[in-house]
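In what follows, every heavy atom counts, from backbone to side chain, and hydrogens, waters and symmetry copies are set aside. Letters go in sequence order (proteins before strands), and every chain restarts at 1.
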Amino acid sequence: MKKLFIYNSLTRRKEEFISLHEGFAGIYVCGPTVYGHAHLGHAKSYISFDIVVRFLRHLGYKVRYVQNITDVGHLTDDADAGEDKIGKQAQSERLQPMEIVETYTRSFFADMDALNVLRPDISPRASGHIPEQLELTQMLLEKGFAYEVNGNVYFDVSKYSAYGKLSGRSVADLLEGTRIEVNTEKRHPADFALWKKAGPEHIMQWNSPWGSGFPGWHVECSAMSTKYLGQPFDIHGGGLENTFPHHECEIAQSEAATGKTFARYWMHNNMVTVNGVKMGKSLGNFITIHQAMENLEPMAIRFFILSSHYRSPLDFSDDALTAGQKGFQKILTFLRRVTELVPATDAGIRLEQVVSDYQVAFENELCDDFNTPKALAVVFDFIREMNSLFDQDDRLNPVDQAGLINVLRRTVGDVLGLLPDAVLSNKEQGGDFSGVMELLLELRQILRREKNFALADQIRQKLTELKIEIKDTADGSRWEKK
RNA sequence: GGCGACGUACCCAAGUGGUAAGGGAGAGGUCUGCAAAAUCUUUAUGCGCCGGUUCGAAUCCGGCCGUCGCCUCCA
């Protein structure tokens with residue numbers, strides 16, 4: 001198996017990835033809180049981790065990918081004063097919380113499907129794992145890492161000396177200049193809730209040894225990740241903005257409770273900005289994936305996201321997106337060209353070596369912390385080389401043609417996920433009116449032969465307006481739906 | 001105020017010590033009746049600014065300027 005290097009946020013270094021169990025990889029990624037439609041930030045995050053999963057599989061790992069659905073406990077505000085996001089949305093839409101959860105969970109998966117993000121193997125819901133969360137909380141109480149006050153249970157940060165090891169903060173720093181309001185119940189302002197007492201206004205609440213309530217947000221990820229992946233497990237992923245406090249708290253809870261390492265490699269993807277400014281719920285400038293897909297095809301969005309590294313911030317601007325759209329189109333055009341080349345057994349050149357070199361180069365880039373921009377550069381270099389070759393001699397051995405199509409499907413398709421069936425079938429010739437198109441092209445050939453270019457160009461122009469592009473080549477005309 | 005990133009051509013974006021990938025846009029050539037597609041050439045003696053280390057720095061160190069993130073909900 002090839003050596004894969006991953007930047008580990010915990011050590012702030014690239015490290016060789018060595019999975020806990022040879023040939024297997026367990027990965028947990030913080031999933032969405034389903035109280036609204038997914039936005040471009042989700043797209044970047046889940047596409048980034050989709051690449052991780054796809055590439056691990058490509059390398060031969062058997063991957064178990066767990067990504068939670070947060071449907072309870074995530075508050076709108078400071079952990080002591082806020083409302084439950086789901087509950088709040090339920091009130092404003094006058095629906096049951098679980099209706100909200102269903103609606104936005106389905107919406108989330110629909111968007112992810114459109115972006116060709118593979119579904120996780122397990123999508124556990126927080127509300128479906130209350131016992132596991134209670135158990136972890138209980139364990140922390142028993143071991144003295146937590147304390148109960150008035151039906152609330154808090155993690156005692158002062159008992160866990162490693163608190164801050166992921167985010168590089170010290171508990172002392174947290175006291176200075178902090179915006180955490182002092183809650184008299186808590187022994188230390190940095191202590192965080194494992195279990196919250198629920199007032200009557202809370203629709204979602206469960207019985208617990210400390211009265212009726214609901215779990216704190218951080219505890220779900222600790223409980224569900226280790227339930228399905230064990231502890232320790234290989235990779236924990238999430239958005240950079242969750243490094244603190246969310247991930248820091250996950251580590252504290254899990255490692256304090258069991259005395260074992262929680263996750264071995266931490267991966268954080270960077271944020272999305274829109275025209276240079278942060279895309280934030282509070283700023284009201286966030287673009288949903290659904291909105292973005294009104295103007296752009298999903299694969300153009302995916303291509304654009306992959307054209308920058310996952311640890312770099314990405315700015316969505318019209319110019320950049322247009323460039324992405326065109327770049328992606330170039331790959332499709334090439335794939336079509338290869339598919340349409342007429343195989344010739346007497347082809348002089350064999351491509352086995354160059355195809356295999358290409359695949360190795362492609363893999364090498366991704367082995368370096370999933371460097372998708374470089375991998376794409378390898379793809380484009382290869383395309384240029386092949387195009388140049390076919391411009392001189394378009395005879396291609398059938399074995400090479402199959403090999404070429406295969407390697408593109410494996411790399412651009414299976415690993416980068418840029419060739420979903422929808423794209424391939426959409427771009428294929430045929431369809432109900434292909435006969436009509438052929439007739440039209442034939443007539444146009446006659447016009448051109450008679451040098452009636454005015455009329456021939458008019459037909460081409462009209463078709464262009466109908467999103468059908470005509471290309472006149474030496475062997476005749478071709479058409480393509482745009 | 002604390003912690004942390006980043007600043008590369010007209011735009012996007014790789015590159016962490018050895019002499020600036022890739023995509024888009026622009027210019028010119030090939031092909032074409034013309035387009036489109038493809039292809040070739042070309043567009044940063046320079047990588048925010050100023051110092052330093054080094055035979056050699058976009059890459060390391062220090063200072064400054066600027067942008068952004070986290071510390072409060074966010075992927």
Exercise. To the side chain of A:R460, which of B:A13, B:A35, B:A21 is closest?
Worked result: B:A35
Exercise. Going through the checks in order, is the ring-ring contact (aromatic ring centres under 6.0 Å, His included) test met by A:F108 and A:Y46?
Worked result: CA-CA 11 Å; A:F108 173 74; A:Y46 298 121; 5.4 Å; yes
Problem set entry | Residue-phosphate contact under 4.0 Å: A:N387 side-chain N/O, B:U39 OP1/OP2 | yes
Problem set entry | Polar side-chain contact A:D472-B:C34 base: donor and acceptor under 3.5 Å | yes
Problem set entry | Of the listed nucleotides B:A14, B:A75, B:C71, the one nearest the side chain of A:C30 | B:A75
For this session: Report yes if at least one side-chain N or O of A:K330 is closer than 4.0 Å to OP1 or OP2 of B:G23; otherwise report no.
Result: yes
Problem set entry | Polar side chain donor-acceptor pair, A:H268 to A:H247, under 3.5 angstrom | yes
Exercise. Atom CD1 of A:I51 to atom P of B:A75: distance rounded to whole Å?
Worked result: 20 Å
For this session: Using the side chain to side chain donor-acceptor pair (under 3.5 Å) rule, take A:D315 and A:T273 through it: C-alpha gap first, then chi angles, then the decisive distance, then the call.
Result: CA-CA 5 Å; A:D315 186 51; A:T273 55; 2.8 Å; yes
Problem set entry | Distance, rounded to the nearest Å, where A:M267 contributes CE and B:A75 contributes C1' | 14 Å
For this session: Name the nucleic acid region contacted by A:Y46, choosing base, sugar-phosphate or nothing; use a 4.0 angstrom heavy-atom cut-off, strictly under.
Result: sugar-phosphate
Exercise. Considering only side-chain heavy atoms of A:R169, which listed nucleotide, B:A13, B:G4, B:C71, is closest?
Worked result: B:C71
For this session: Compare the minimum distances between each of B:A38, B:G22, B:A13 and the side chain of A:S308, then state the nucleotide with the smallest one.
Result: B:A13
For this session: Look at the side chain of A:D457 against the base of B:G33 and say whether a donor-acceptor pair falls under 3.5 Å; ignore hydrogens and angles.
Result: yes
For this session: May I ask you to say what A:V379 touches in the nucleic acid, namely base, sugar-phosphate or nothing, with a heavy-atom cut-off under 4.0 Å?
Result: nothing
Problem set entry | A:E469 and A:T464 side chains, donor-acceptor separation under 3.5 Å | no
Exercise. Looking at A:K2, A:K14, A:K374, which hits salt bridge (Lys or Arg N to Asp or Glu O under 4.0 Å) with A:D368?
Worked result: A:K14
Exercise. Choosing from B:C34, B:G23, B:A14, which nucleotide comes nearest the side chain of A:P373?
Worked result: B:A14
Exercise. What is the distance, rounded to the nearest whole Å, between atom CD1 of A:I468 and atom C1' of B:A36?
Worked result: 15 Å
Exercise. With respect to the side chain of A:R448, which nucleotide from B:A75, B:G22, B:C34 is positioned closest?
Worked result: B:C34
Seminar exercise, completed: If pairing means Watson-Crick or G-U wobble with both distances under 3.5 Å, then the partner of B:U19 is none
Exercise. Of A:S317 and A:V378, whose closest RNA chain B nucleotide lies nearer the 5' terminus?
Worked result: A:S317
For this session: Tell me what A:L321 touches on the nucleic acid: a base, only sugar-phosphate, or nothing, going by heavy atoms under 4.0 Å.
Result: nothing
Exercise. Could you give the NE2-to-P distance, from A:H42 to B:C73, as a whole number of Å?
Worked result: 15 Å
Exercise. Side-chain N or O of A:N371 less than 4.0 angstrom from OP1 or OP2 on B:G15?
Worked result: yes
Exercise. OP1 or OP2 of B:G22 sitting under 4.0 Å from any side-chain N/O of A:R384?
Worked result: yes
For this session: Send over the distance from A:M386 CE to B:A37 P, rounded to a whole Å.
Result: 21 Å
For this session: Can you figure out which of B:C71, B:G4, B:C12 approaches the side chain of A:F304 most closely?
Result: B:C12
Exercise. What is the distance from CD of A:E248 to P of B:G69, rounded to the nearest Å?
Worked result: 21 Å
Problem set entry | A:I470 vs A:S307, nearer the 5' end of RNA chain B by closest nucleotide | A:S307
For this session: Would you mind classifying the nucleic acid contact of A:S312 as base, sugar-phosphate or nothing, using non-hydrogen atoms under 4.0 angstrom?
Result: sugar-phosphate
Problem set entry | Selected nucleotide, minimal atom distance to A:H39 side chain, candidates B:A14, B:A75, B:G24 | B:A75
Exercise. Checking all strands, does A:K471 fall into the base, sugar-phosphate, or nothing category for heavy-atom contacts under 4.0 angstrom?
Worked result: base
Problem set entry | Nucleotide of B:G23, B:A35, B:A14 approaching A:F380 most closely (side-chain heavy atoms) | B:G23
For this session: Send over the distance from A:H309 NE2 to B:C6 P, rounded to a whole Å.
Result: 12 Å
Exercise. Heavy atoms under 4.0 Å, any strand shown: does A:G327 hit a base, just sugar-phosphate, or nothing?
Worked result: sugar-phosphate
Problem set entry | Flag side-chain contact, heavy atom, 4.5 Å: A:F192 against A:P245 | no
For this session: Could you tell me the separation between the CG atom of A:D391 and the P atom of B:U32, rounded to a whole number of Å?
Result: 12 Å
Seminar exercise, completed: Note: A:F55 and A:F370 closest approach over all heavy atoms is CD2-CE2, 3.9 Å
Problem set entry | Under-4.0 Å side-chain N/O to phosphate OP1/OP2 contact, A:K374 with B:G15 | no
Seminar exercise, completed: With the side chain defined as heavy atoms from C-beta on, A:F244 is closest, among B:C71, B:A21, B:A75, to B:C71
For this session: Grab the two heavy atoms, one from A:Y228 and one from A:R64, that are nearest each other, plus how far apart they are.
Result: O-NH1, 3.2 Å
